[in-house]
Amino acid sequence: MRDVFSAPKGVPDYIPPTSAAFAHVRSTLTRAAELAGYGYIELPVFEDTALFSRGVGESTDVVTKEMYTFLDRGERSITLRPEGTAGVMRAVIEHSLDRGSLPAKLYYAGQFFRAEAPQAGRYRQFHQVGIEAIGIDDPALDAEVIAVGDAGFRAIGLTGYRLELTSLGDANCRPAYREKLQAFLAELPLDEATRQRAELNPLRVLDDKRPEVREMVADAPLMVDNLCDACREHYELVKGYLTELGVKFVENPRMVRGLDYYTKTTFEFVHDGLGAQSGIGGGGRYDGLMAQLGGQELSGVGFGLGVDRALLAAQAEGVLPEFSRVDVIGVPLGEGARARLVAIAGELRAEGVRTDLVYGGRSMKAGFKAADKSGAKLALVLGERGLEAGTIGVKTLATGDQVDVALTDVVSAVRDALAQGDTAAEAVRETP
RNA sequence: GUGGGUGUAGCUCAGUCGGUAGAGCACUGGGUUGUGAUCCCAGGUGUCGCGGGUUCAAGUCCCGUCACUCACCCCA
């Protein structure tokens, strides 16, 4: 094998036809956000390093060992964004969106970067669609955010996932619980690494996957049993609204998120068809984040959904439609016909019909083979005879049926033929 | 960072007891000059991941190394 370049470690390429499925998944998720009134925000993929270390949390794995950080030419420390919320908060504060009508509802889509060891469903560059609702502390908004994520996954066709829900408390009740949990963990014969984690973030020990650790913490105090009255009421209301919305959930009081800013409502969408990396999306409320980044004391709630993993889940469930890249392909038989078909292709494209041609001086057989493989629904067949008679063959490739129409009527004939039958063409047309 | 697995054609892989490589798919052309999917014929491609060792001889055995992959940790 020759010495060729390959993509950086852990970075996926999406090429046809998978790329069409990827784009479909992404646009389906953003569509769910738009349906709930979220406005698009386009943000840089790199930011001041301090934005993430302060926003995401110094104690998180993301900040301590997974960030792509470098000095730019002005010796400024820059980091490729490892998540989306901190950047949205920065933009909201910078552009004073928090001074406008609230809640500010925003969605984003794009790539994120974490320098982890790659494995199934875990990439160093991955894609998320996220939404944030900022400025109003209303449990109905928590429920809305969760419902938007759920609706997005449903719209893709996914059914094999579950929504896990819990509350992490807030500045009133979490510190006391944290001490209680730390006291409990201090009594256990934990290994050194786990002991350090208990110091830094004791909650994280609760969802350790190792059986011996699970057993040790089976009787550990849980946050949900130690919520203050306000948090408890908030949590109960969120659950009530979710039921109103018809969104099914299971409570998982041991769930922990990898980012430090979460408070109160916290949730995760978990899919079983993916291997070890089973989270296809997650989020929650983050009431202290804005102030921590220098803004007002405003609350927020949001999620990040994994586009790559949602795609894997959709493939695992077999719910993706077939994507074709063209509707019509011209098959020229001879040079004069080629010139005419080039012109017709231009007309069809101008009418919004996806059109390709068979290029190169290929044999007729090769031409039809290429037409077949293009995925087009119709082939336009033109040769010397047609040019003389003023007609062109419109062939339905799936059946082999072919009719001659006047060259002057070809555009409307193609439209009529495409309009007949399948709705799959509609789904295909929405992809970028 | 820590473990396991795998590296042979574009892809999926076979390759016995060491004797300088094969199949299927895919691709291209043809099967009487105007019709594709089946069928038939023909065609091309390999630093056998890389480096070293043993041997008359290494894809095959030994050592090292790199890459990919799965899992732990963590997370989308």
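Letters A, B, ... mirror the listed sequences (proteins, then strands); counts begin at 1. It should be emphasised that the depicted structure is a prediction, and the values quoted were computed from it without experimental measurement.
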Atom-to-atom span, [atom1] of [X] to [atom2] of [N] - whole angstrom:
{"X": "A:Phe267", "N": "B:rC75", "atom1": "CZ", "atom2": "C1'", "value": "15 Å"}
{"X": "A:Asp61", "N": "B:rA76", "atom1": "CG", "atom2": "C1'", "value": "15 Å"}
{"X": "A:Ile392", "N": "B:rU35", "atom1": "CD1", "atom2": "C1'", "value": "14 Å"}
{"X": "A:Leu397", "N": "B:rG36", "atom1": "CG", "atom2": "P", "value": "11 Å"}
{"X": "A:Ile15", "N": "B:rC11", "atom1": "CD1", "atom2": "C1'", "value": "11 Å"}
{"X": "A:Asn201", "N": "B:rC75", "atom1": "CG", "atom2": "C1'", "value": "14 Å"}
{"X": "A:Asp260", "N": "B:rC74", "atom1": "CG", "atom2": "P", "value": "13 Å"}

Whether A:Phe22 and A:Tyr14 hold their rings parallel, tilted or perpendicular, with breakpoints at 30° and 60°: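 It falls in the parallel class, under 30°.
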
Taking only the side-chain heavy atoms of [X] (C-beta and beyond), determine which of [options] contains the nearest atom.
{"X": "A:Leu333", "options": "B:rG36, B:rA76, B:rG34", "value": "B:rG34"}
{"X": "A:Gln277", "options": "B:rC75, B:rA76, B:rG34", "value": "B:rC75"}
{"X": "A:Gln128", "options": "B:rG36, B:rC73, B:rA76", "value": "B:rA76"}

Within the structure shown, what part of the strands sits under 4.0 Å from [X] by heavy-atom distance: base, sugar-phosphate, or nothing?
{"X": "A:Leu305", "answer": "nothing"}
{"X": "A:Gly334", "answer": "nothing"}
{"X": "A:Glu83", "answer": "nothing"}
{"X": "A:Arg124", "answer": "nothing"}
{"X": "A:Gly121", "answer": "base"}
{"X": "A:Lys9", "answer": "sugar-phosphate"}
{"X": "A:Glu268", "answer": "nothing"}
{"X": "A:Arg257", "answer": "sugar-phosphate"}
{"X": "A:Ala398", "answer": "base"}

Does this structure show an ion pair linking [X] with [Y], if we count only N-O contacts that are shorter than 4.0 Å?
{"X": "A:Glu335", "Y": "A:Arg338", "answer": "yes"}
{"X": "A:Asp308", "Y": "A:Arg122", "answer": "no"}
{"X": "A:Arg162", "Y": "A:Glu164", "answer": "yes"}
{"X": "A:Lys264", "Y": "A:Asp142", "answer": "no"}
{"X": "A:Asp356", "Y": "A:Arg325", "answer": "yes"}
{"X": "A:Asp327", "Y": "A:Arg354", "answer": "yes"}

Check if the side chain of A:Lys395 and the base of B:rG36 share a donor-acceptor pair of N or O atoms closer than 3.5 Å.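 Donor-acceptor pair under 3.5 Å: yes.
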
For A:Thr85 and A:Glu132: C-alpha separation, side-chain torsions, deciding distance, then whether side-chain hydrogen bond (donor to acceptor under 3.5 Å, both in side chains) applies. CA-CA 7 Å; A:Thr85 303; A:Glu132 314 289 352; 2.8 Å; yes

Enclosure of A:Arg31 CZ (heavy-atom neighbours >12, cutoff 6.0 Å): no

Is it the case that more than 12 heavy atoms not belonging to A:Asp401 sit under 6.0 Å from its CG atom? yes

Could you work out the separation of [N] and [M] based on their [atom1] atoms and round it to a whole Å?
{"N": "B:rC39", "M": "B:rC48", "atom1": "C1'", "result": "34 Å"}
{"N": "B:rG18", "M": "B:rG53", "atom1": "C1'", "result": "15 Å"}
{"N": "B:rG34", "M": "B:rU38", "atom1": "P", "result": "23 Å"}
{"N": "B:rC56", "M": "B:rA14", "atom1": "C1'", "result": "28 Å"}
{"N": "B:rC74", "M": "B:rG1", "atom1": "C1'", "result": "12 Å"}
{"N": "B:rG49", "M": "B:rG59", "atom1": "C1'", "result": "12 Å"}
{"N": "B:rC11", "M": "B:rU20", "atom1": "P", "result": "26 Å"}
{"N": "B:rG22", "M": "B:rG43", "atom1": "P", "result": "14 Å"}

Enumerate all atom pairs, one protein N or O and one N or O from nucleotides 42-45 of chain B, separated by less than 3.5 Å.
none

Contacts table for residues 35-44 of chain A: side-chain donor-acceptor under 3.5 angstrom, sequence neighbours left out:
from    : atom 1 : to       : atom 2 : distance (Å)
A:Tyr38 : OH     : A:Glu144 : OE2    : 2.6
A:Tyr40 : OH     : A:Glu42  : OE1    : 2.2

Would you say the side-chain atoms of A:Thr79 pair up with the backbone N or O of A:Arg81, donor to acceptor, closer than 3.5 Å? no

Given 3.5 Å as the limit, does a donor-acceptor pair link the side chain of A:Glu317 with the main chain of A:Gly160, or not?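 At least one qualifying donor-acceptor pair exists.
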
Where along residues 365-374 of chain A does a heavy atom come under 4.0 Å from RNA chain B, residue by residue in number order? A:Lys365, A:Ala366, A:Phe368, A:Lys369, A:Asp372, A:Lys373

Members of residues 106-117 of chain A that approach RNA chain B, where some heavy atom sits under 4.0 Å away: A:Arg114, A:Glu116, A:Ala117

Dot-bracket for RNA chain B, 5' to 3', with Watson-Crick and G-U pairs under 3.5 Å, [ ] for crossing pairs and | for other-strand pairs: what is it? (((((((..((((.....[..)))).(((((.......))))).....(((((..]....))))))))))))....

How do A:Gly281 and A:Ala120 order along RNA chain B: which one's closest nucleotide is nearer the 5' end?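 It is A:Ala120 whose nearest nucleotide is closer to the 5' end.
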
Please figure out whether A:Leu274 or A:Pro8 has its closest RNA chain B nucleotide nearer the 5' end. A:Pro8

Return no unless some side-chain N or O of [X] is found under 4.0 Å from OP1 or OP2 of [N].
{"X": "A:Ser363", "N": "B:rG30", "answer": "yes"}
{"X": "A:Arg122", "N": "B:rC73", "answer": "no"}
{"X": "A:Gln119", "N": "B:rU69", "answer": "no"}
{"X": "A:Arg362", "N": "B:rU28", "answer": "yes"}

Hey, does the Lys NZ or Arg CZ of A:Lys239 hover above the aromatic six-ring of A:Tyr235, less than 6.0 Å from the centre and inside 45° of the axis?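 Yes, A:Lys239 and A:Tyr235 form such a contact.
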
Quick check, are the ring centers of A:His127 and A:Phe112 under 6.0 angstrom apart?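 No, ring centres 6.0 Å or more apart.
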
Looking at the rings of A:Phe153 and A:His271, which for Trp means the six-membered one, are their centres under 6.0 Å apart? no

Sequence neighbours excluded and cut-off under 3.5 Å, please list the side-chain donor-acceptor pairs for residues 177-184 of chain A, or say none.
from     : atom 1 : to       : atom 2 : distance (Å)
A:Tyr177 : OH     : A:Pro221 : O      : 2.8
A:Tyr177 : OH     : A:Met223 : N      : 3.4
A:Arg178 : NH2    : A:Glu199 : O      : 3.3
A:Arg178 : NH2    : A:Leu200 : O      : 3.2
A:Lys180 : NZ     : A:Asn226 : OD1    : 2.7
A:Gln182 : NE2    : A:Ala198 : O      : 3.2
A:Gln182 : NE2    : A:Glu199 : O      : 3.1

